Amino acid sequence: MIDDTTATIENEDTQKDKYLTFHLAGEDYGIEIRYVIEIIGIQKITDVPDMPSFIRGVINLRGKVIPVMDVRARFGLDARDYDDRTCIIVVNVDTTEVGLVVDEVSEVADIPESQVEPAPRTNKDIDGSYIQGMGKIGKQVKILLDVHRLLFSGQEMQALADSLEDM
Amino acid sequence: MSMHIDDDQMEIIQEFVTESRDMIEQLEPAIIELGQNSDPETMNAIFRLFHSMKGSAGFLEFTHLTRVAHAAENLLDLIRNGEIALHPEHVTLLCAACDFAKESLEMIETNFTDDSMVAAADAISEDLHQAIEQAKGVASGASQEQPEEESVPPEPAAETTQEAEPEEPAAQTRTAPVTPDSTALGTEPLFPEMEITEEMRNSFVQEGNELLQHAEQGLLAWSERPEDPESIGDIFRHIHSFKGNCGFFGYSQLEQLSHQMENVLDRVKSGSKLTVSNPTDTLLAALDQLQQTVNYIAEGKPPTVDELDHHLSELKSLLTPYIGDLLTEEGVSPEDISTAVSYKKKPVGEILVERGSATAEQVDKALKRQQEAAKQKQTEAAKAPARTSAPPARRQDIRVELGKLDSLINLIGELVIAENMLIHNPDLKGLQLENFNKAGQHMSKLVRELQEMAMNIRMIPVSGLFRRMIRLVHDISVKAGKKVDLQLIGEETEIDKTVIETITDPLVHLLRNSLDHGLEGPEERVAAGKHEKGTIRLSARHEEGEVWVTIEDDGRGLNRDKILEKAISKGLIEGDGSDLTDKQINNLIFAPGFSTAAQITDISGRGVGMDVVKRNLEKIKGKIDVSSTLGKGTIINLRIPLTLAIIDGMIVRVGSTTCILPTLSILEAYRPEPDQITITPDGKELARVRENFFPIVRLHDILGKQPDSRKLSDGILVVLEYQDSRFCLFIDEILGQQQTVIKGLSDFIGNVPGVSGCTILGDGGVCLILDVGTLVESAEDKTQPAQAVEKKQEEHK
């Protein structure tokens, strides 16, 4: 028990300020590393009817069935054919596992809190509510995403959640 | 001592044997450990073993085992209290006691009586007694504390009077009701330093719940047939063990109440009259109170009994005072009475001889004949169980946490998938692999067996669920002033544990409805020419790969006109409903908020119940059939799939998408000829299957996919059935059949219309399992406006 807690604390420590950065439509994004479980190549996605357009379907991750969200579609960006650089980042938020389809995964970057600016309010392409902040590494800027909101906020997701409660 | 052992007792004995054997197995190493270190915890555990073995053996009248266990207990008590030092000999002795107990259990198990073990057991117990006496002598001599010796005799003396009580519960001595009190007082000081751990308390609560539940069932059974002495004996035993447990844990209030109940039961058992002819209600009230307190304990609250005094006096008022007590009050000396009582206990023969009214010879002769008769009966009895259970069933149970079981079953589910992936691996396509196929087949067989076994583990008989309903029916029938005969059939039928939990509420609601609305009052029944007592039959059986749980009453039946009237007034259907079939009308009772009861009673009538029934059954993919004859009664049939996790499925293809249809819903599949298709003027497609027309649902429309061809005659129609509505599903092709493990779609996605879950195919791809229930709704939307309105109503809520 005791060992476990210390391990988590250490983990939290080592994971602090670390972001997994990826490429999407010419921009660099980052998500907190603690949400990321693994990164897999694109694989066969099974369609599920009656879903919002950005939910591409479900995949089989070693026996587990997890839904896949296309982040391009989520941001309302133009669709692009998947290629061999396309990746699925599997994240776990509040025990819900979801795969995120991104153009290309780059690296794990250290962005201390001092280097994170609050999100600008005037981005017309991307709904500002998904953005947690803007991280600076030298001259580069990474858009840091709030994974929780990415997964659960928005009208469509609200509708899904409602349908769940009705059950 | 009874020579005749019936099935019930046999079961109790078997349980006792299993339990004791497990305990011995657990504690034998501990006893040996005692030699090295005298940990008080181990000591207590061993003490408990002998104590409870003694108690149980006492009930079952295995006197020899009782004697040995008692002796061992005494020895341990002395050691524990530090009165004698622990010697290696003691450990050997205790081990010997264990060995003896094991041997006795062996004998009990094979013969079910202690009679056959008399000779062997006598010798062993005699040896042991001597050894213990010797040990005591050695011990007191070694410790050189002679006065300690004095403290020994009163201890066993008190214990033996306690033993006398279960052995001869029917004895009408005045001491009998008093002894348990002295035991109660005696038990507490016996455990001065014992700490009650959380674990112990949990097991107390668990066991207490079981005992009380059994006692409750026994009481109800007894109130039905008061002449049956068996049931009262059962109740007595359960309450007695409960009392024992309470005493052990020091819950004195619980103990008091259960003790008083035991007194009442004892009186009933011995055949003497109570002040009230039917004490069931008072006893049930007390039982409820006990349960309440056990619940307190489970919640960690103090074990107080609410209104203890009230219950105690209620129970006491049931007892008629003993004649002896009254006589004493009248001035007769207690000694005279006890002589009188002991006189009464003497065999009739002896009394006769004493009085000179019969010769000893006559008595001897008569006794011999009696013995012969008894022997004959005994051999008959010995034959009877031999027929029913030729080799005595050796059942060994362990309690397993449900979570572990679930993960085991999940793992096996994964194994089934992995096996599919291996055997149907795309890399193997087109290869001739004779040996591989052989090995594959072998593995498939094993996996299937493993899977069946795993499913079996989760299955429990419905008897527990059914028996809970006895109380419910009893309570409601009293409240509603109706006479009901509840018949339980097929209690041994096994259903998945989760399913049992899910259908508990529906069953309660359905039974309530049957009792409250279905069955008429006695006068009305007699007026209708029926028996005054209504019958409700609750049955379970396996049928068509499902479990059917049926509730059948012989009440007034569903009134079509009343239901229609109500449905129209609630706006559940359009029009006057004259076009609806009886079945559709019967199904209306499951609509939320629907109730035809003229007034709302505290039992039912709010119209919530049937909605719950439907919802819960849908959760486990069950179906409900209602059929009813006005004036004759109603039959409600719950059809539940055997397992939840694995189904047989047919893989079908539309365009590039594959889906699975549950085989159970499929009636047939065929390639339609163009002349079998009819298109109605409003554009609906109907397919003719022999004499019937079924609506066609196009799967590609539901999935939003591009099919190979939109022409019906190019594809295949699968005729599906769901709760007696049938429709055709249009697909491109049938690919094959497969056992599939159902996996839920992620919570993130939620409920998908038309899809009940998904599975993983041999190639590792995810495949959706279609939900015939929602597909049929979309088919019905097209054809039945009434259903659509009902659905809208539901959505509105």
Side-chain angles (χ1 to χ4, degrees), chain A residues 35 37 40-71 74 88-101 147-167, chain B residues 410-421 426 615-616 618-619 654-660 699-706 741-771 774-775 778 794-797:
Chain A
Y35 293 117
I37 296 177
I40 52 176
I42 194 76
Q43 51 172 289
K44 195 186 151 209
I45 299 176
T46 303
D47 264 4
V48 177
D50 224 27
M51 284 286 119
S53 61
F54 54 83
I55 300 289
R56 276 289 133 93
V58 289
I59 55 163
N60 163 26
L61 181 67
R62 289 186 305 279
K64 259 186 288 181
V65 175
I66 60 169
V68 175
M69 174 191 282
D70 190 314
V71 183
R74 178 67 162 153
I88 299 176
I89 304 173
V90 182
V91 294
N92 183 335
V93 181
D94 302 340
T95 70
T96 305
E97 287 186 13
V98 177
L100 303 173
V101 180
V147 182
H148 204 271
R149 283 197 222 139
L150 182 68
L151 258 51
F152 298 110
S153 76
Q155 276 183 349
E156 287 102 333
M157 290 324 292
Q158 207 52 52
L160 269 183
D162 285 350
S163 76
L164 262 180
E165 269 166 29
D166 280 352
M167 280 165 67
Chain B
N410 279 341
L411 263 179
I412 291 171
E414 298 297 330
L415 189 66
V416 174
I417 292 170
E419 181 236 5
N420 269 329
M421 288 172 86
R615 271 162 186 270
N616 269 14
E618 274 172 2
K619 249 189 244 166
V654 171
S656 58
T657 313
T658 53
C659 288
I660 287 182
L699 186 57
H700 57 84
D701 281 348
I702 287 171
L703 299 177
K705 289 286 168 186
Q706 203 56 45
V741 181
I742 302 176
K743 289 179 170 284
L745 283 167
S746 164
D747 285 347
F748 186 68
I749 286 179
N751 210 8
V752 182
V755 176
S756 62
C758 59
T759 191
I760 293 168
L761 290 182
D763 61 1
V766 182
C767 184
L768 298 179
I769 299 170
L770 296 175
D771 180 13
T774 47
L775 287 178
S778 60
E794 256 178 32
E795 276 166 2
H796 204 63
K797 308 221 160 200

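Protein chains get the first letters and strands the later ones, always in sequence-line order, with residue 1 at the start of each. Just so we're clear, the structure is a prediction, and the values are computed from it rather than from any experiment.
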Handout entry: Interatomic distance, Cys767(B) atom SG to Asn60(A) atom CG [nearest 0.5 angstrom]
Key =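 With rounding to 0.5 Å, SG (Cys767(B)) is 12.0 Å from CG (Asn60(A)).
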Problem - Atom pair CG/OG1 of Leu768(B) and Thr46(A) - distance to nearest 0.5 Å - result: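 If we round to the nearest 0.5 Å, Leu768(B):CG and Thr46(A):OG1 are 6.5 Å apart.
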Practice task
Could you tell me which non-hydrogen atom of Ile702(B) sits nearest to which non-hydrogen atom of Pro49(A), and how far apart they are?
Solution key: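 Where Ile702(B) meets Pro49(A) most closely, the heavy atoms are O-CB, 3.8 Å.
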Problem - Contact winner vs chain B - Val58(A), Ile59(A), Ile45(A), heavy-atom pairs under 4.5 Å - result: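 Ranked by heavy-atom pairs under 4.5 Å with chain B, first place is Val58(A).
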Exercise for the section: Heavy-atom pairs under 4.5 Å with chain B are the metric here; pick the option from Ile66(A), Asp47(A), Thr96(A) that has the most. Expected result: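 The option with the most such pairs is Asp47(A).
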Handout entry: Flag side-chain contact, heavy atom, 4.5 Å: Val48(A) against Cys758(B)
Key =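 Side chain of Val48(A) against side chain of Cys758(B), heavy atoms only: no contact under 4.5 Å found.
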